[in-house]
Protein chains: 2
Amino acid sequence: MNDSYLNFVNSPFGARLARSLGLPKPEVLRRYRADRPEFDGIVAIGAGREPHLLDALATLVGGIGVTSVAHASAGLWVPLANRHGLMTGRFEAADSGSSSKLAALLFDASGIEDSSQLEPLHAFFHDTLRSLGKCGRIVVLGRPPQTCVNPRQWTAQRALEGFTRSLGKEARRGITANLVYVEPGAESGMEATLRFFLSPRSAYVSGQVVHIAAQVGDETGGEMDGETGGKTGSKASSTFDWAQPLAGLRAVVTGAARGIGGSIASVLAAEGAHVIGIDIPSARDALDATMRQLDGTALAFDIAAPEAPAQIAAALDEQGVDIVVHNAGITKDKTIAKMTEAAWQSVIDINLSAQERIDDALLAGGILRDGGRIIGVSSISGIAGNLGQTNYATSKAGVIGRVQSMAPHLRARGITINAVAPGFIETQMTAKIPLAIREAGRRMNSMSQGGQPVDVAQTIAWLAHPGSAGVSGQIVRVCGQSLIGA
Amino acid sequence: MNDSYLNFVNSPFGARLARSLGLPKPEVLRRYRADRPEFDGIVAIGAGREPHLLDALATLVGGIGVTSVAHASAGLWVPLANRHGLMTGRFEAADSGSSSKLAALLFDASGIEDSSQLEPLHAFFHDTLRSLGKCGRIVVLGRPPQTCVNPRQWTAQRALEGFTRSLGKEARRGITANLVYVEPGAESGMEATLRFFLSPRSAYVSGQVVHIAAQVGDETGGEMDGETGGKTGSKASSTFDWAQPLAGLRAVVTGAARGIGGSIASVLAAEGAHVIGIDIPSARDALDATMRQLDGTALAFDIAAPEAPAQIAAALDEQGVDIVVHNAGITKDKTIAKMTEAAWQSVIDINLSAQERIDDALLAGGILRDGGRIIGVSSISGIAGNLGQTNYATSKAGVIGRVQSMAPHLRARGITINAVAPGFIETQMTAKIPLAIREAGRRMNSMSQGGQPVDVAQTIAWLAHPGSAGVSGQIVRVCGQSLIGA
C-alpha cells in the first residue's frame, strides 16, 4: 500500500542521494483534489494539415477555462480562439524558466491523410515537449483507422499509435500521453473524454488509445430513439453538470467493501451517484461501514451463488440502476500442473461467469436502464497472460471478450460496456507480493511507480459519465503505461 | 550476433555453475535443419465439448507422420484416429522418464460456447504440461471471437487468449504456445499454419494469436473467381509440395544484401522461390554475393527514390512477382526534442511511405499476381512504442495500419498482406546496443534469449506459403513472447 522508495527519493535528502547515485526518481503524481483547481496552466495547440477538431477543442479550452498558445503548426488556432472569445497567444520556445512551463500539449492530427503528411507531429513535439511541466498531459487526436475511406489515410492514422506510445515512454516526469480517435460526427461527444485525459484524474493512465463513436442523434440534436425510447444522442457540453455528473443516477459496485471496490464506490458517490455496494456476507461489516459513509446501500450477497442474479435484480427492480461496475474478483495463483480443478473453477466463475449471469438478469428485466453503463475490471494479466495465472488470465481475457461482444448488442439502447485493465496497483493484494517482484512491477512503467486504487476508480467514473456515450467496447489500461503487454 | 551467456550456461561447466548459483538457463532452441526430421515424437490431443476440428487434426497428424495419444478430454480421438489409419493411444501421466516426453500438445477448444465450459483446458494442460519435452509445442485451437453467434460464445473463445499467453509464460524450456482461431469453413486451410507452429521453424514465435479465414471457394472446392480470375480457394493438403512449397514462384525482398533480409532471401530460395533481392547501390557487392549464392537476381535501387517504384515495376514486369517482402528499414534514434526533421522524415519515408508507393505500383500494374503475398516488417516498437524511437515506432505502427487497411481490398484477388513484428533479434544492429540494455532485451521474453534472423525469415516463409491463403491482415510477433507490449 506504500511505496517507500517513492517517498524517500522525493524527500530533500533522498532526492540529493538519488541524484548523486543516478537512481531513478519517480515523480509524485498530481491527483485530483476537490479543493484544488482541476485545470490550470497553459495548453499548447498543434495540428497537422486541415485539422477537423479545432473547433471542438476551442469549446473545450473555453469550457475548462485555461489559456492556450498556438504552435506554428496550428496557425488556424489564433483566429478561431479569438472567435470563441478565448485568451490565446503564440507558442514561443521556452527560455528554460519554469514559469513558462506548459500544462498540456494537444495535437489535432485528424486531417492527416497520408504517411508523407506526418511531419507536423515531429515539429510540434520537437518544439514543445521540453516546455511541458511535471505531470503534464499529452493528447493526440485522430480519426479511427477503421472509419478511414482509403488505406493511405488508415495507415497514417494508425501510425499515430506508435508515435503516442513512444512519446509516453520518453516524456517521463509523471507526464501522460494518450491517443483519442474521434469518429466523424462524434466531435460534440469528445469533451468528457478530453477532460478526463487533461485532468489529474487520469494520473496513472498513459499510452492508451480510445475511440469515440458518433451516437444516434448526434447530427439531429439528440432526438429520442423511437423504437426503444433510449436517449442515445450526446448532449451539448453545457448540459452536463461537470461537478456532479452522476447526480440522480444509481450505481451498483460489486466487491465494494474495501480496496479498489471501496474506492470506486467512493468516487462514484462523490460524483453524485447513489451507490449500491455488494460484497460477500463475510465482509458485511466493512461493506456496511463503507456504504454508511457514502449514504449508499449495502447488499451482502455471494455473487457466484446461483440465486444471486435474481436476488440482485429483485433488490434493484423498483428503482432500476444506471451504472453496473463488476469489480469483485479473486486470484488463486498456481502453475497449471499444481492448480486444482476447484481453484480453476472458482476464479472463472467469480471473475467471469457471475458477471455474465448478473448482466443477463439486469438486461433481461430492463433493470439496467437505457443509456446505462456496464464497466468490467480486466487486468494486464488478461491482456498479456501471466505465469501462475492461467485461471485468472483466462477470466480477465474473457472480460475483454464480454466487452467486445456485448457493445454492439447494447448500442440500440444507448448502453455502453467497457472495461478497465489495471496494472500494478498498490493494494493489500500487491503488498503481499515478494519485494523484488513487487519492485519490478512498480518500476516497469512510464511512471516508475504503482498506481493507487483511486486511479482505477477515476477511470471508471469517466466511463460512467453521461458524456461518455460514444465510448463503448473498449479496454482502457490503468497501468502507468506498463512495459508489459501482448 | 552472439549470446555468450546462452552458450556458457549450456556448456558442461557453465550449466553446473548456473545451477549452483540459481541463474536462469535459457534453452538452446531447436531450429529447422534440412538434414533432420521436421516432426517427430508423440502429440497429445485434448478437447473441450463438441470439438469441430478433430477431423482436420487427424489429417494433419497423418500428414506429418507422428504418433498421437488422446487425453481423457478427447475421447472422440481414438475412433477417429483409427478411421484415419493413424497410430494412436491413450495419454497416461508421465512416470517422469524422459522417454515418455511429448513433442506437442494440441487442444481443440472450438466447441466451447460458454465460460462455464472452459474446464477441460485446465484438465488437459494440468495433466500433460509436465510431460511436454524441451522445445515442445502447444497449440490451442478455437473459433475467431468475431465470428461467434452470441456474446457468451465470443467471450469464452476470447478467454482462450489469456490462457494461451499464460501457458507460454509458465512453460519455459524453449516451449512455444500459440492460439489459432479457425473460422467455420476454413478447416481445410489450417494445415500450413499448424505445420508451422508445430515445426522447429517457429522456434522463436510464442504467445501469438492467428486467425484463419475461410476462402472464397472453400466450400465449392476451389472454383475460379469469375470476376477477377483469381484462384482464392484453399487447396487440399495433398496438393502442396511441403518440401518446396514456393517452387515456381518469384519473390522480391528489399534490404536483401545481408542481415535479416539476407536470411529471408535464403529461406525463400530454399523453399523453391526465385528471389529478386533489392538493396541500396552502396550495398551492391554484398547484394550480388548473396544473390549469386541463391541463384537470385540482384537489383541495386534506393527504394526511397521517387523513380524506384517505376524502376522496380519495370524490372519485374515481364514475369511478374508472387511474393513481396518489405524488409528494408532504417533507424535514426533520438528523443524527439533532439531529433532533426531529416531524421524523422527519412525513417518515415524508407520504412513506410516507400512501401506504399511500391505496392501501389505493383498492384496497379497487375505485376503482383493474383494469389500473391505482401509481407511487411513491423516491430515491437511499432506496437508498444519506444523511447527515442518516435520516428521508427510511427513508421512501424503505420506498417500495421497498412496491413489492416489493405487486407480487405486485396481479398478479391486472393492476395494476402501480413506483417511480422520482430522483438530482440541478434543482428549487427542489436550487437551495438549497450550491454546492460542488450541483456535486458535478450532475457525479457519467455525464451530468455534473443531470436535469430532465420526465425523472422521462417515466419515470413509461412506467410508466403500457398497454404496460408486464409491468413491475411495479421501481425505476428517474432519475439519469443517478449514481455514488452501495448
Side-chain angles (χ1 to χ4, degrees), chain A residues 115-116 118-119 121-123 125-126 129-130 145 148 151-152 154-159 161-170 207 335-337 339 341 344-345 348 352-353 356 381-382 384-391 393-398 400-402 404-406 409 483-486, chain B residues 115-116 118-119 121-123 125-126 129-130 145 148 151-152 154-159 161-170 207 335-337 339 341 344-345 348 352-353 356 381-382 384-391 393-398 400-402 404-406 409 483-486:
Chain A
S115 65
S116 62
L118 290 163
E119 206 282 325
L121 278 167
H122 165 263
F125 290 100
H126 174 76
L129 187 59
R130 277 201 273 218
C148 292
R152 289 285 184 103
W154 176 320
T155 296
Q157 291 293 323
R158 182 61 179 73
E161 190 174 321
F163 180 79
T164 310
R165 293 192 199 272
S166 296
L167 265 194
K169 289 189 177 178
E170 65 184 57
T335 56
I336 197 155
M339 187 184 288
E341 184 180 334
W344 170 274
Q345 216 38 67
I348 301 285
L352 179 57
S353 307
E356 297 181 292
S381 289
N386 197 11
L387 193 155
Q389 294 200 315
T390 45
N391 50 359
T394 301
S395 73
K396 294 300 187 179
I400 295 173
R402 179 94 187 132
Q404 294 171 333
S405 62
M406 288 297 287
H409 281 261
L483 275 187
I484 298 172
Chain B
S115 65
S116 61
L118 290 162
E119 207 281 326
L121 278 167
H122 165 263
F125 290 99
H126 173 77
L129 186 59
R130 277 200 274 218
C148 292
R152 290 286 185 104
W154 177 318
T155 297
Q157 290 294 322
R158 181 61 179 74
E161 189 174 322
F163 181 78
T164 310
R165 292 193 200 271
S166 297
L167 264 194
K169 289 190 176 178
E170 67 183 58
T335 56
I336 196 154
M339 186 183 287
E341 184 180 334
W344 171 273
Q345 216 39 65
I348 301 287
L352 179 57
S353 308
E356 297 181 292
S381 289
N386 198 12
L387 192 154
Q389 293 198 316
T390 45
N391 50 359
T394 301
S395 72
K396 295 300 188 178
I400 294 174
R402 180 96 188 131
Q404 293 170 334
S405 61
M406 289 297 288
H409 283 261
L483 275 185
I484 296 172

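Reminder, nothing fancy here: chain letters follow the sequence lines and each chain counts from 1.
Residue B:Leu129 touches chain A through its side chain alone, counting heavy-atom pairs closer than 4.5 Å. Both the backbone and the side chain of A:Ala486 come within contact range of chain B, with heavy atoms under 4.5 Å apart. Proximity to chain A is limited to the side chain of B:His409, based on heavy atoms less than 4.5 angstrom apart.
Between chain B and the residues A:Gln345, A:Met339, A:Gln389, the largest count of heavy-atom pairs under 4.5 Å involves A:Met339. The residue among B:Ser166, B:Ser381, B:Gly401, B:Ser116 with the most heavy atom pairs within less than 4.5 Å of chain A is B:Ser166. Note on A:Pro151, A:Ser395, A:Ala393, A:Gly207: by heavy-atom pairs under 4.5 Å with chain B, the leading option is A:Pro151. Taking B:Ser353, B:Gly382, B:Ala384, B:Pro145 one by one and counting their heavy-atom pairs under 4.5 Å with chain A, the maximum is reached by B:Ala384. Counting heavy-atom pairs closer than 4.5 Å to chain B, the top-ranked of the candidates A:Leu352, A:Leu121, A:Thr390, A:Leu118 is A:Thr390. Contact count against chain B (heavy-atom pairs under 4.5 Å) is highest for A:Lys169 among A:Gln157, A:Glu161, A:Met406, A:Lys169.
Expressed to the nearest 0.5 Å, how far OG of B:Ser115 lies from CD1 of A:Ile348 amounts to 7.5 Å. In this structure, OG on A:Ser405 lies 10.0 Å from CZ on B:Arg152, to the nearest 0.5 angstrom. Atom-to-atom distance recorded for A:Trp344:CH2 and B:Phe125:CZ is 9.5 Å, nearest 0.5 angstrom.
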Could you give me the CA-CA distance, side-chain angles and deciding distance for A:His122 and B:Ile336, then say whether side chain to side chain contact (heavy atoms under 4.5 Å, CB included) is met? CA-CA 7 Å; A:His122 165 263; B:Ile336 196 154; 4.1 Å; yes
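Listed here is the closest heavy atom pair of A:Glu341 and B:Glu119: CG-OE2, 3.1 Å.
A donor-acceptor pair under 3.5 Å links the side-chain atoms of A:Glu170 to the main chain of B:Gly388, judged by distance alone.
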